[in-house]
Structure formats: structure tokens, C-alpha cells
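This report refers to the structure that appears directly beneath it.
Because only heavy atoms are used, hydrogens play no part in the values below, and waters and symmetry mates are left out as well, while side chains stay in.
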Amino acid sequence: MDKYAAFALPSTTGFSSITNNNGEFQNKGVELELSGRILKTEDFNWNMSGNITYNKNIIVSLPDNGLERNRQGGSQIYTGNGTETIFVGGYQEGQEPGLLVGYKFDGIYKSVDEIPANLVVQTGNDQGKYQYGPAAYNALTPSQKANAILIEPGDAKWRDINGDGVIDNFDRIEIGNTTPRWTGGFNTNFTYKNFTLYGRFDFGLDFWTYDNARPWFLGNMQGTYNTTTDVFNTWTPENPNAKYPRYVWADQLGAGNLNRTSTLFAHKGDYLAFREISLSYSLPQTIANKLYMQAMNVSVTGQNLGYLTAAPVANPERAYGAGVASGTGYGLPRTLLFGINVTF
Amino acid sequence: MKISKITIFSSLLMLLFAATSTSCSDSLDLGPIDYYGSESYWKTEAHAEGYIDGIHKHLRDAAWQHTITFGELRGGHYITGTSGDGSSVSGGSIASQNFDANNTGVSKFGDLYGRITNLNLFIARVTDADFIGEAKKNYFLGMVHGLRAFYYFDLYRTYGGVPLRLGIEVIDGELDPTKLYLPRATPAEVMTQIKSDLQKSLEYFGNVNSFNPYGMGNKVYWNKAATESLIGEVYLWNAKVTTGNNTANPDDLAVAKQHLLNVVNNYGLSLQNNFADVFDATKKANSEIIFAIRFDEGEATNAFGQYVYNIGTGQTSNSAYLEDGSLFVDPLQVAGAGSMQRYEYVQGLFNKFDVEDSRRDATFLAAYNKDEEGNLVYRGTHVRKNIGLINNSGIRVWIGDMVFYRLSWVYLTLAEIANMEGDNAKVEEYINIVRERAYGDNWAPEFEFEAGDFTANELAILAEKDKEFVQEGQRWWDIRRMTLTKGGKPLVFTQQASFNGVPILDEATEAHKLLWPIDRALLDNDDALEQTPGY
């Protein structure tokens, strides 16, 4: 099918993009739906139905723009084979869109000896300052030191993909895809005498999401906001096995431990959503008739009750590209409804 | 189901009508009435006037980038780190000269190509148009060519060789990216284009010296004096600065001088008696202004609130002191005005001013701490030069005009030309005109400038510009253009032009940083573009 989207133009034309038929796109998948009555006795009744879908998106063709695979967007990273680089992500012919790319967090430097002496990290600091290992830092002149950051115990260890002792923009890996491969839902209807319990659930599996809000607060990047309770789980000499790198006010002006897209804040987004649970009771026929009604039914329903998910984000349903301080959205509001259904 | 006779009859009638009525396409082929598409615009004089308004609105949107980002941040006189008010400052990576392939300062050539394309469209549609009177058409074309030279001059000074986009390929329907890729032209080609546009602008303006011949706005639309000022700026730059394959051409000095003298003599301009009046928001478009960007209540506000303390989260207001020892509180009346200090100048700049110089207190408001003995210790400065006014509701609104060209700039540029010519008398004359106005009633022979050798004069002109043009986008261009000796090392590589004794750029390792790099996204998406040399 045709893909209708904003097609990027070279920006020196004065235009950034134009909306047109932007190539061909294919989703392939399998969908399975089942429903059935599980239990039926005089007092009990239990129905269930569900469906599950497997879907994978592939870009079949893109307008010819002279780039390899007619690539639009994307990131350039090392393959691990010397200085060879490839473009991943963005829209590329024959590839799946929605790839999350980031630095690989390999733990924390727990002591000065663990830090490679001549390490140079060229990214992560919003003022363009490079971060240096101890020997490299000492080799700088005083005015250069004012424009540089020293890597200290407690700072994050980033995987050097091409092994050249320098961490730059190309030292990133493909983390995973942000679009669920498996989606589906099921509902169950359980009846006992005059009570009915109805539940509706849906799920999304096999995708990655990114926790954008946490690094911004944990790193005090705005300046005057409070930080999160994760600050108690940051590295200090007394707490060397903590999960997060050492706490710094304005991390984006320091070593950028949090100020970059990395596996530290990428999580599998698999979720099960409790979409609706409803308990209702229908008045026995005899009582209803006495009240001059044919039937009466009272119910209480809860909607968007929450998620069963490993990702510590407010809303795993939203697909997030990465980036600091773009937020993880707000959870859907929980609703509680009370209902009375009267038939005359 | 019975079909009544009436039903059959009416359906037959309808078929008859359909068959005999003329083709619908005439009634359906309509243009929109409530908005303009590219086919329905460019039909009347009002369209051209509205477009000129739009072009200047875009210039206003780009004014901050032109003045502060490109013209000032790299001048070595901005602090990086935390402001005196406690907030972290912006533009740190630019002010620290941290440029590499990942840190490019701005992206997509500062978004200037959209604005250039708008100018190209005007030129394409109006040059041969007949829906607008000849006189007005020529005046507008003078504006548009002048503005195109203005944008390309910014691109030239910032990036060296840039793609020369002079057409409107996308609007004409070309959507194939392989045909739209445009490589960077050489610096010499860009300079040739700038000069050509300036020449055209002059020709189109003809004899119309007025700042406001059609009542659109006084001194806030590009005018002939602005073109002549820009010619002075461009030719002086080209006489002193070599970029890539474009070597400095000293013959251009005479052209610059000629046009700047025209500005002094032909347009009825005069210096304001009081320096503070130049930026007074109640005295806009005064006698000294050549071209300014208009801000107004209900229209647009500028961002100069970012040089001023904040009431609320800022720390200056309740813990600092004024020069007279009293508590700071809120001397500029910015409560509720949304200021937030994101830019601050270094202390060295404030210290350059003599106390008798009226520019000191017209430009800066200093904040002090008190030490144990109660002596005042410098804390930080806030810029009060262009802070708008208090409106009818008692709130400060940031509506001061951003001035691009004014008469005192012309004088100091003429001083620089005179220094290149070795004319000490003229150097003194021009510098002292500006100084005499600045010192006002405090003017005394001790403040008069006495010319020396080339180096002394050049540094004196820089010092005078530093004090006169705070927040007006001059310093980075000044230290790139001015040299320590005639034809020698640009001041950006010297410690004389620096505020901390260390040259702003190290000539041995950072010479390539005279130009800015272009961002990776631009390079990845346009096959024909190449990175600035050295990055």
C-alpha cells in the first residue's frame, strides 16, 4: 500500500518536507480469534473470547533520493568491524521502521583504576565539553581543563563499539523496535446466579519503550526542580553497587551520564492493560415486578485500571522514540462508573 | 413494490436535465476565496505589499540569531556556567567555542534558506509583473535584493562557502531530491553574489532616499540607507578578511568609504544627544536609527528579558545590593514581566567603562554582594539597555526595537577604514564624535582619544565598539575582521582582544573554527553537501 507522509527535501531548497505518497509499506501478519463457553452449570456461566495478532511492518519501496536504500532519516553507527559504519533506523527499503538506537550502558566505573586512562567521551555534554579519563585530563592545559570534564568513579561506562578509546556518536547500538509485534486482547464474562463479572484486557508484546522523564528529573536538568527517589539508588563510595551513576546537579552540564539515549533507560514495554472490569447485579424478577419494573440492573465499572508491565513508565501503550525530557506521557485516567439500568 | 407513475416521471425528468445541462466543470472550477493558494496569489498590488510585510516578519524571527547567536556569543565576553542570578546560562557550547561535527551551534544553516527562498519567490514573481506600479515595484525589489544580500552575508561570514540557492525549484514543481541537491559554492562565488545583489538593490532604489515612502513603517523596512550601510559592512569585510579562495581585496575600502559617507550625508541622520534615548521604547525610529526591527505590544516582544534578573526564582532580588549600598529588590520593575537570566556579560566588559561614561549606566545594572566588613563585592550585571517600557497595566513589556544599523556604527566603521588608510586625523575625529556624545556633560579633554600607530588605533576602535554596541551583534565580527597589525593577525587570535588574557581562538589548533560546522542531519540527507573544512 502507498505510504502517505511528509517526504523530506534538502533543506537548502527552503522547504523541509512535502506531504506526498512516500513509498510503499507492507504489514504482514496473522490474526487469530477464539471464543467459547468454558463453563455452563445451573448457577455458573463462564464465557471467554480473545484474539491475538502477529504483525511486522516492512518498507517495500521509497521515492528515489540517491541515498543507499533511499534512506530517510536514520542514525549512523559502528558495526563493530573496525571503523566500518552503517545507517540504521529511519525509513530504509527492506527494513522495519521504528528502531530505537542508543548507547550501551556497561555498568559504572567503581574506582579510578577502572577508568581507561586515555578515554575521551565526545558526547553527552550540552555545552560540547569532552569528558576525559584521568591521564588524558591531566595532559590538558589549564584553559583546556576549564572546557573539559574529568571522568570520575561513579560515572557510566559506555561500550566502545569500535574499540578506539573514544566514545562518539557512532558508538551506539540498535536497542530494539518500538512497535509491538504481538497485540491482542481478551474478555471474560463470569456469571453466578444474579451476579455478573466482566473483564476486558488487551496487551502488546515484544517491543521496547523508553523512560524519558526519569533521567531529566534524576539529573536535575531544569535546575530548580526536586529530584526523584532514585537518587537513593545512585553510586556513592558507600553504595558502590547502586543501579544509577553518581548524582550530579545538571547532568547535562557534566558527564552526561543520563543525558543521552542509552540502554539504562530503555525497557521492554510488554504490557497487559486492565481495560475494563465490571461487576453487576440484576434484581430477581419477583422483586423487580413488585417495584413496577420489568428488570433492574445495578453495576459498578472501573476503566483503565492500570497495566501489568515491567517498564517503569506512566503509559507503556504510547510508542516513544527516545530523547531526554520529552516525557513518558500521563497515564490514562482511571474511571469509576456506577450504573443503574431500569426497564419498564 | 409498486412504482408509482410520479416516481417514473420525475426520474425521467432528472435524467433529461442531467443530459442537457452543460458540463459541470465550469461551475466546479473555482479558486478558494477565503485563503490564497499559489495560483491565486500574485495578482494585485496588495499581495505584493502583504508579502513584503511577511518578509520583514521573518526577518524579525531571525533577528535574535543574526544579532546574538551569530554576532555576539563567540565574542569572548559572555559567561558560561551560572549567572549572577543563580540560573544556568544558555549558549554555553557556542560561547565556549566548542565546535565539532556533533556540536554545530545551529542546524540547517540557521534556517536561513527558507527566508532566502521567500525572497527568491518575490523576485521570480514580481520582477516582470504588471499588477504593481513601476515605482513601488522597484522600491520593493530594492528591499528584497538588499535583504538577500543581508542573509547571504551572514551565511558567508558564518560558513564560508554555502549553496547558492537563487531559484524556487520546489515551488515550480521539482520534487526529485536527486535534482534538488545543491553543493556548497566557493567563498568567492558567494561574495560575488552578495555584491551583485547589493548592486541591484541600489539600482532599484534609485533616488528614493526616504525611509518610508509608502507609509508602511518608518525605518523598520529595509531602505536605501540600509543597503548603503550593508555595502559598507560587506566591502570593509572583504577588504580585510580572507576566507577560503576569496582573498582580501584592499581596493574595496574605497567603495565602503564612499557609501558610508553617503549614509552620513544624504539621509538626514544625526546622533541623539543622549545615549539612553537611542533605545528608549518611546523614541523609536529616532534620528540616529537607519534600520531597526520593530517590536510592539500586541504584535511581538523581544527576548532581551533573558539578560535580566528574575523575580521569583532568581537570587539577586532579595540578596544582592546596588552600587549605592541599598538592597537590590527590583530597580528595573520586572516583577511579573517574565524575565529569566540566561545570558550575562563578563565582569571585564563592565569594568571597561569609565564612571563618567553615560553608556555605563545606560547599558548595565550591576549587582553586588557585601563581605564581612560591609564592602561591596561585584556579583553580576544585568543589561538594561533595551528593556522596553512599562505598559498601561503597570507591567514591563519587552518591546524595544532591535537596531541593526545606526549612525554611530557608521562613524566607527569609517574610523576603521581611516585606520587602514593611515589617516590618523580621521580616526580621531570619528572616535571622538562617538565618545563626546557618550560622555555628555562629563566630556573633558582627558577623555579625548589621541591616535597612535595602527595597532593602538585598531584596539581603540574595538574598545569603543565594545562599549557602544553591547547587545547589538558586533563583537564576533569585529574580532574576526580587525587585525593587530595592518594585514596581520586577526584579533580573535590575540590576547589583547580577550577578557581573560587567553586568545579566544588558538591560532595553531583552532584556526578552522573561524567558520562554523554544519550538522550531521544536513550532511546525511543531502548527498552534495560537504562539511566545513577542518571539522
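Chain A forms the most heavy-atom pairs under 4.5 Å with one residue out of Val502(B), Leu182(B), Leu175(B), and that residue is Leu175(B).
Every residue meeting the side chain to side chain donor-acceptor pair (under 3.5 Å) condition with Asn57(A), not counting sequence neighbours, appears here in chain and number order: Asn27(A), Asn55(A). Partners of Ala511(B) under the side-chain contact (heavy atoms from CB on, under 4.5 Å) rule, at least two apart in sequence or in another chain, are Phe493(B). Taking the side-chain contact (heavy atoms from CB on, under 4.5 Å) definition, one finds that Ile175(A) meets it with Leu100(A), Ile173(A), Trp208(A), Thr263(A), Ala266(A), sequence neighbours left out.
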Quick one: donor-acceptor pairs between chain A and chain B, under 3.5 Å, side chains and backbone, table format.
from	atom 1	to	atom 2	distance (Å)
Thr12(A)	O	Arg165(B)	NE	2.8
Thr12(A)	OG1	Arg165(B)	NH2	2.9
Thr13(A)	O	Thr117(B)	OG1	2.9
Asn65(A)	O	Tyr181(B)	OH	2.5
Gln127(A)	O	Asn98(B)	ND2	2.9
Tyr130(A)	OH	Asp100(B)	OD2	2.3
Asn147(A)	OD1	Asn98(B)	ND2	3.1
Asn147(A)	ND2	Ser96(B)	O	3.3
Asn147(A)	ND2	Asn98(B)	OD1	2.8
Asn169(A)	ND2	Asn102(B)	OD1	2.8

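Heavy-atom distances place the side chain of Leu522(B), and not its backbone, under 4.5 Å from chain A.
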